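Residues take their numbers from the sequence shown, with the count starting at 1. None of these values were measured; they are calculated from a predicted model.
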Amino acid sequence: MSTENEGSAVPPAPGSHPAPPAPHPNPAVPPAPDYEPTAGSRPTAPDAPIGTPDGTGSPGAPGPAPSAAPPAQPPSTPPPASPAAPPAVSASAGADDGSGGGAPGAPGPGPDAGQSSAWWSAEGGQPHGGGPGDGQDGQSGQGGPGGPWGTAPVPSSGPSERKPRGLVAAVLAAVLVAGGIGGGIGFWAADQESDGDTTTVSAYGNPKTESRAPGSVSSIANKTLPSVVTIEAQGNNGESGTGTGFVYDKQGHILTNNHVVASAADNGKLTATFSNGKRYTAQVVGRAQGYDVAVVKLKNASGAKLDPLPLGNSDRVAVGDATVAIGAPFGLSGTVTTGIVSAKNRPVASSDGGGGNASYMSALQTDASINPGNSGGPLLNADGGVIGINSAIQSAGNGSGLGESQQSGSIGLGFAIPINQAKNVAEQLIKTGQPVYPVIEATVNMKDSSSGATIASGGAGGSPAVVPGGPADKAGLKSGDVITKLDDTVIDSGPTLISEIWTHQPGDKVTLTYKRGGKVSKVDLTLGKRKGDS
C-alpha cells in the first residue's frame, strides 16, 4: 500500500549493490520528548510511546525484514560508519529512509522495522511521519525501520554527499525545549495571578484616548457641564417640575424654557443647582410663552462660577452635523447624549401641559436622546457652541410637548429652538421683561393642514379675522385666502405659518404666496409688532 510523499523519489540504479546494514542505534544518547508529526500520514501506533528508551528503539513487535535495495549511485567504498556521526538530511530527495542515514531509496534494516518514524523536509521544514518499514522508500513515502524520533541515529552507509542533519535535529530539540520553558513561564505567571483569587486583567491606558482631544464629546462635556444648571420650580398651588438651563452671561442670567419656570412665575420658588452641587435661589426676569423662552437670574450670585456658554450660529447648521445635548432627564442632572441634526426648519407647536397657549417654533430636529427634564438645556455643535435650546420631543404616546404628563421617553425625535431666535428673545426679556412678536394681524385656522394656512372667517370674540389697517389688510388679504408660501418656505398649516413668521423681526418685509378662488397670487408684506403674550 502506498501513500503520498512530499519529497521526490530516486529510483535505484541497475546493477548496484545493496548497502551494508546499519549498526544498532547508540543507546547512550537519551531520547528526545515525544513528537507528533504534523504532515504526512501516521499509521496506527503501537501501545508503547515513541521514544521508549528500551535499548531496541522499538516498543512494538518488529515487522518483516526489509529487502535490500541497490544504491542510487555506482558502488563506492562507503565511509566507515560511526555511532557518533550526526544525523543527515537530504536536500534533494526530500525524504529520509527512517533510519537516520543511508542512500535514498535504500532501506535501513534494524530491529524496529515496521515502527513509524519521522523525517524532516528540507523544503517545508515540517516533520513527516514515515510508514511501516516496507523497504520501498521514495516510492510510497514510507521509510525503513529506524530508531524513534530523537534517539541516536543510524550511521549513514550512503554516498558521502548526504549532508548531516544533526544541526536540524539539534535545532528542533532546542525549539522543543524552548517551547517547554515558555509554557512553564506562562503557567508560572498565571499561577502568580491566581494567588489573589482573580482572573481579571488590566487594560493599558491609551494616551491618545485619555488626552480628551478638543472636539471630542468628553472635551465638550468637560467644558460645558460647569455652566449647565438644574432648575427646580415649585408653584404656590403645589405644582412642581424639573428642567435645565445654562449660563447666558456673567451677570447671572440663566437661559431656559418658559414651560420649565411657568409654575413658579407667580411668587413660586425657583432654584438653580450647578454641577459642583452649589444651589442658588433664582427669580424670573421675563418669559415669552409663544417662543417658549425664559430668562431667570440668580438672586445671590456671589461665589458662583459664571462662565457663559459660547453661542453658535443656528443659521449655518446643516443636516447631519453632530450634536451634544446636556440636561437633567427625569431629574438625572448632568446627563450627556449625542446625535446629529436630523432636520431643519421643522414647524413645531408644543404645550407645557398646563392649559396655557401653545408655543410655535421653526425647530432644529435632532436624534440625540432628549427626555422630560432636558427642557431648557443646551444643544451643542461639534465645537461646543450652543445652537439651540432643547424644548420638545415627539412622543409615541399622546402629545408632543416636553412638559406634558402623558409623555413617554425619547424616540429619537427631539426639537430645539434655534439659538439665533432665542438670543433675540432673551435680549428683549432682559431689557424690557416682555417679548416682542412679529405679526401679520390676521387670524388663521390652526387645524387645517397640507393645503396651507387658511385665513379664518372671524377672529377671537367676534372680531374680524383681518385686523383693519394691519399688515394683512394693507396687503389686500381677505378671509378664505389660503397662504401657501412665505418667501421660499412652503406653508402647509396655520402653525407652520406662525413659526415661520416668528423667525423674523418686526419690520421685516416678506413675500406671501396665496390662493383665492383657484388663482395663485403673490404679495409683499411688512411685518407688524405685538408686545407681550395675549
Side-chain angles (χ1 to χ4, degrees), residues 224-235 239-249 252-265 268-275 279-280 282-298 306 308-309 311-312 314 323-337 348 350-354 356 359 361 363-364 366 368-380 386-393 400-404 407 410 414-419 421-426 429-430 435:
T224 304
L225 281 169
S227 298
V228 177
V229 299
T230 299
I231 297 175
E232 296 179 13
Q234 180 72 47
E239 184 182 356
S240 63
T242 301
T244 308
F246 60 91
V247 177
Y248 181 73
D249 58 25
H253 291 112
I254 305 295
L255 194 56
T256 185
N257 283 141
N258 170 69
H259 74 257
V260 170
V261 301
S263 61
K269 183 180 179 181
L270 202 63
T271 61
T273 304
F274 284 78
S275 60
R279 178 176 296 184
Y280 300 86
Q283 61 184 2
V284 176
V285 172
R287 59 195 186 99
Q289 184 173 325
Y291 293 119
D292 197 17
V293 173
V295 176
V296 301
K297 187 176 183 180
L298 303 181
L306 300 174
L309 292 184
L311 304 183
S314 54
T323 58
V324 178
I326 300 180
F330 300 104
L332 301 175
S333 301
T335 297
V336 179
T337 57
V348 173
S350 65
S351 172
D352 60 6
S359 301
M361 69 188 83
L364 297 176
T366 181
S369 182
I370 297 174
N371 291 282
N374 276 105
S375 299
L379 183 69
L380 310 163
V386 181
I387 56 174
I389 301 176
N390 299 318
S391 182
I393 61 173
S400 60
L402 276 173
E404 297 195 25
Q407 203 72 253
S410 171
F415 304 98
I417 303 167
I419 194 60
Q421 180 183 11
K423 178 182 177 181
N424 292 333
V425 176
L429 296 176
I430 292 173

Side chains of F274 and L306 in contact at under 4.5 Å (non-hydrogen atoms): yes

In the structure I gave you, are the side-chain heavy atoms of I419 and L364 within less than 4.5 Å of one another anywhere? no

Sequence-distant partners of D249, side chain to side chain contact (heavy atoms under 4.5 Å, CB included), two or more places apart: Q251, H253, I430

Please find the pair of heavy atoms, one from S391 and one from H259, that lie closest to each other, and give the distance. O-CE1, 3.4 Å

Test side-chain contact (heavy atoms from CB on, under 4.5 Å) on V324 and V336; report intermediate values, then the result. CA-CA 7 Å; V324 178; V336 179; 3.7 Å; yes

Any donor-acceptor pair under 3.5 Å from T337 side chain to A368 backbone: no

Quick one, F330 and N371 - any side-chain contact, counting heavy atoms below 4.5 Å? yes

Check step by step if side-chain contact (heavy atoms from CB on, under 4.5 Å) holds for T335 and N374. CA-CA 9 Å; T335 297; N374 276 105; 5.7 Å; no

Considering only heavy atoms from C-beta outward, does the side chain of Y291 approach that of N424 to under 4.5 Å? no

Verify side-chain contact (heavy atoms from CB on, under 4.5 Å) between T256 and I231, making sure each step is shown before the conclusion. CA-CA 9 Å; T256 185; I231 297 175; 3.9 Å; yes

Atom of Q289, atom of N258 and distance for their closest heavy-atom approach: CA-ND2, 3.8 Å

Hey, does I389 have a side-chain heavy atom less than 4.5 Å from the side chain of L255? yes

Test item: I387 and T323 side chains (from C-beta on) under 4.5 Å apart, heavy atoms: yes

Run the side-chain contact (heavy atoms from CB on, under 4.5 Å) check on V295 and I254 step by step: do they pass? CA-CA 6 Å; V295 176; I254 305 295; over 6 Å; no

Hey, does L270 have a side-chain heavy atom less than 4.5 Å from the side chain of V284? yes

Quick one: closest heavy-atom pair of T242 and G331, and the distance? CG2-CA, 4.4 Å

Measure across V228 and P378 and return the closest heavy-atom pair with its distance rounded to 0.1 Å. CG2-CG, 4.0 Å

Hey, are the side chains of I370 and P329 touching, using non-hydrogen atoms and a 4.5 Å cut-off? no

Set out, in order, the CA-CA distance, both residues' side-chain angles and the distance that settles side chain to side chain donor-acceptor pair (under 3.5 Å) for S333 and T230, then state yes or no. CA-CA 6 Å; S333 301; T230 299; 2.8 Å; yes

